[in-house]
Amino acid sequence: MGDRYYSNGARIVAVVCAIFVSFTYVAGQMRGVGVVFSRFLEVDINIGVMIGMAIVFFYAVLGGMKGITYTQAAQYCVLIFAYLVPAIFISILLTDHLIPQIGFGGSLGGAIGSQVANGETIKLLDKLNQLNVELGFAEYTSGKKTTLDVLCITGALMAGTAGLPHVIVRFYTVPKVRDARISAGWALFFIALLYTTAPAVAAFARTNLIETVSEASYADNNGDKVIPQWFKTWEDTGLLAWVDKNDDGKVQYVAGAALAGKPVFTDERGSHGQRMVSNSNPDTKNELYVDRDIIVLANPEIANLPAWVIALVAAGGLAAALSTAAGLLLVVSTSISHDLLKRVFIPSITEKQELLAARIAAAFAVMIAGYFGINPPGFVAQVVAFAFGLACSSFFPAIILGIFVKRANREGVVSGMLAGIIFTAAYIIYFKFMGGTPDQYWFGISPEGIGALGMLLNFAVAFVVSRFTPETPQEVQELVEHIRVPAGSSGPSAAH
């Protein structure tokens with residue numbers, strides 16, 4: 001940004017955007033780390049976040065770029081394997097299909113499928129719709145978002161991926177342009193595997209949760225369905241709770257919030273074995289509180305898969321969260337030490353001093369990330385969507401214009417970045433923290449998708465301002481030509 005737009009001002013704006021995006025993203029990752037440690041070390045989620053902070057700080061600060069690159073490569077393999085294996089297992093159990101994407105649209109099989117009378121076949125999604133309606137929820141496949149909102153969310157996720165700082169910096173860890181392109185191609189293939197499996201995992205988890213928990217009892221007194229051990233284990237983490245409102249010893253899972261706030265526990269158990277939960281919401285009959293962040297991790301336990309699969313999912317979740325958090329914290333620390341101190345404010349700083357500054361910045365970044373992990377602005381997937389939207393509205397247009405539009409100058413692009421990220425951040429903050437309601441959404445676009453609108457605003461401002469301000473210097477235009485045709489290729493600018 002500093003070189004292409006020939007300005008330390010552009011560099012500073014880029015650093016501020018990178019830090020803002022990184023902290024938003026890392027909040028979700030630290031929360032994920034806390035959930036994993038909370039369940040499998042049997043500690044409070046806040047303690048789990050602190051353990052995650054210590055681990056991330058250890059290898060982000062001591063390992064640096066090289067250490068994080070190698071750990072991310074290893075964690076990437078673990079993540080893919082850990083996500084797909086249980087999805088395949090559960091797909092076979094529920095639908096008799098090996099491939100989750102096919103099982104998602106297929107007919108029920110296994111134990112749940114055998115419950116269908118007269119040998120009929122019923123689609124998984126039809127069964128899920130039926131279960132939801134019976135419990136008072138809307139049909140699972142009913143569209144709760146407008147088509148425009150879905151398109152905006154998709155656009156923000158796609159363009160945001162290309163603008164995430166910790167993704168961009170990975171291209172500097174390979175020796176040749178060809179290596180970067182090959183690795184990006186493979187990455188997209190595995191990302192496609194992961195993302196196309198996600199809807200199936202969600203549907204499987206929802207079906208299993210309803211079938212396992214609804215109307216189950218703690219004690220098998222009259223042949224009732226018994227609450228399984230996984231429920232009691234997660235209940236002890238404080239991320240799943242049950243309050244018996246009608247004192248019948250059964251979990252009544254229906255539409256509506258079970259609690260008026262977050263669950264509060266005591267060591268004493270209720271008359272039917274449940275943890276004592278305050279903040280009960282008397283306006284609904286629902287007796288079950290489920291933290292949405294536990295669903296992927298709890299899914300193999302709900303499906304009663306082998307212990308090694310459950311452990312594999314925990315390893316995958318931990319790998320995903322820790323690797324991303326470490327990459328983001330590295331972006332924050334190096335942006336402050338190198339781009340701000342070395343390149344702008346203290347050019348005379350030595351490498352040793354720069355390294356020290358990076359480690360101090362990383363320490364502060366870990367503490368801030370831990371705070372957001374303990375007090376997240378939303379559930380993990382939601383927070384991650386905000387980060388993608390912020391990256392989409394700030395970096396993506398600047399990168400595209402910098403490569404493909406020679407006329408894009410520092411005044412235009414800096415103005416566009418500021419307009420995009422301020423608009424997007426203000427929209428998210430208003431609707432998530434200042435009491436804005438969904439009926440006030442612009443064109444029905446939710447905070448998760450507003451980054452796409454911020455991106456369009458960024459492009460528009462950059463084009464208009466660039467048109468009415470001085471042209472890009474000749475040497476920068478030559479730099480753009482050089483970027484388009486990398487060194488070693490047989491192009492018109494290879495001589496550069």
Side-chain angles (χ1 to χ4, degrees), residues 28 31-49 86 90 131-132 135 137 201-219 224-246 248-281 284-305 307 310-311 313-314 317-318 321 373-374 376 378-382:
R31 177 72 176 180
V33 170
V35 171
V36 176
F37 282 130
S38 175
R39 165 63 183 85
F40 293 97
L41 296 181
E42 298 184 2
V43 296
D44 181 80
I45 187 169
N46 294 347
I47 302 297
V49 171
I90 298 171
L131 290 172
N132 275 325
L135 298 176
F137 297 97
V201 170
F204 297 159
R206 178 78 174 165
T207 304
N208 276 329
L209 178 69
I210 293 174
E211 286 287 337
T212 305
V213 173
S214 187
E215 294 298 319
S217 63
Y218 252 77
D224 295 326
K225 188 166 57 175
V226 181
I227 289 179
Q229 183 58 43
W230 73 263
F231 184 97
K232 301 176 184 179
T233 305
W234 276 103
E235 192 180 14
D236 288 339
T237 67
L239 298 171
L240 182 146
W242 169 47
V243 52
D244 197 358
K245 296 181 179 180
N246 57 5
D248 64 350
K250 295 181 180 180
V251 181
Q252 189 167 356
Y253 179 45
V254 296
L259 308 177
K262 290 185 177 181
V264 179
F265 301 94
T266 67
D267 291 333
E268 183 184 355
R269 288 188 174 273
S271 57
H272 297 287
Q274 80 274 27
R275 293 290 296 268
M276 294 295 288
V277 184
S278 64
N279 294 334
S280 174
N281 182 5
T284 71
K285 293 181 180 179
N286 184 24
E287 299 176 344
L288 181 66
Y289 165 82
V290 182
D291 189 305
R292 286 179 281 191
D293 290 337
I294 76 169
I295 292 301
V296 171
L297 286 172
N299 198 18
E301 292 183 83
I302 298 172
N304 200 26
L305 295 185
I310 295 169
V313 172
L318 199 57
I374 294 171
F379 67 100
V380 172
Q382 194 176 41

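All heavy atoms count here, side chains included; hydrogens, waters and symmetry mates do not. Since we're looking at a predicted model, the values are computed, not measured.
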Spacing of [atom1] belonging to [X] relative to [atom2] belonging to [Y], to within rounding of 0.5 Å:
{"X": "Asn246", "Y": "Glu287", "atom1": "CG", "atom2": "CD", "result": "4.5 Å"}
{"X": "Asn299", "Y": "Leu209", "atom1": "CG", "atom2": "CG", "result": "9.5 Å"}
{"X": "Asn304", "Y": "Asn208", "atom1": "CG", "atom2": "CG", "result": "10.0 Å"}
{"X": "Gln252", "Y": "Leu135", "atom1": "CD", "atom2": "CG", "result": "9.5 Å"}
{"X": "Asn286", "Y": "Phe137", "atom1": "CG", "atom2": "CZ", "result": "6.0 Å"}

side-chain contact (heavy atoms from CB on, under 4.5 Å) assessment of Leu240 paired with Trp230: CA-CA 10 Å; Leu240 182 146; Trp230 73 263; 3.8 Å; yes
Sub-4.5 Å side-chain heavy-atom contact between [X] and [Y]:
{"X": "Val35", "Y": "Ile45", "answer": "yes"}
{"X": "Asn132", "Y": "Ile210", "answer": "yes"}
{"X": "Phe37", "Y": "Ile47", "answer": "no"}

Trp234 and its side-chain contact (heavy atoms from CB on, under 4.5 Å) partner, picked from Leu239, Asp291, Val290, Ile302: Leu239
Quick one: closest heavy-atom pair of [X] and [Y], and the distance?
{"X": "Gly48", "Y": "Val33", "answer": "O-CG1, 4.2 Å"}
{"X": "Thr284", "Y": "Lys245", "answer": "O-NZ, 2.9 Å"}
{"X": "Val43", "Y": "Ser38", "answer": "O-OG, 2.9 Å"}

Under 3.5 Å donor-acceptor, Ser217 side chain and Val226 backbone: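 Between the backbone of Val226 and the side chain of Ser217 there is no qualifying donor-acceptor contact (under 3.5 Å).
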Hey, can you pull the donor-acceptor pairs under 3.5 Å for the side chains in residues 253-261, sequence neighbours left out?
residue, atom, partner, partner atom, Å
Tyr253, OH, Arg206, NH1, 2.7

Whether over 12 other heavy atoms sit under 6.0 Å from Lys285 NZ: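 No.
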Results of side chain to side chain contact (heavy atoms under 4.5 Å, CB included) for Asn46 - residues two or more places apart only: Asp44, Ile374
Partners meeting side chain to side chain contact (heavy atoms under 4.5 Å, CB included) with Val36 (sequence neighbours left out):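 Applying side chain to side chain contact (heavy atoms under 4.5 Å, CB included) to Val36 gives Phe40, Leu297, Ala314, Leu318.
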side-chain contact (heavy atoms from CB on, under 4.5 Å) evaluation trace for Ile294 with Arg39: CA-CA 9 Å; Ile294 76 169; Arg39 165 63 183 85; over 6 Å; no
side-chain contact (heavy atoms from CB on, under 4.5 Å) between Val213 and Trp242, intermediate numbers included: CA-CA 11 Å; Val213 173; Trp242 169 47; over 6 Å; no
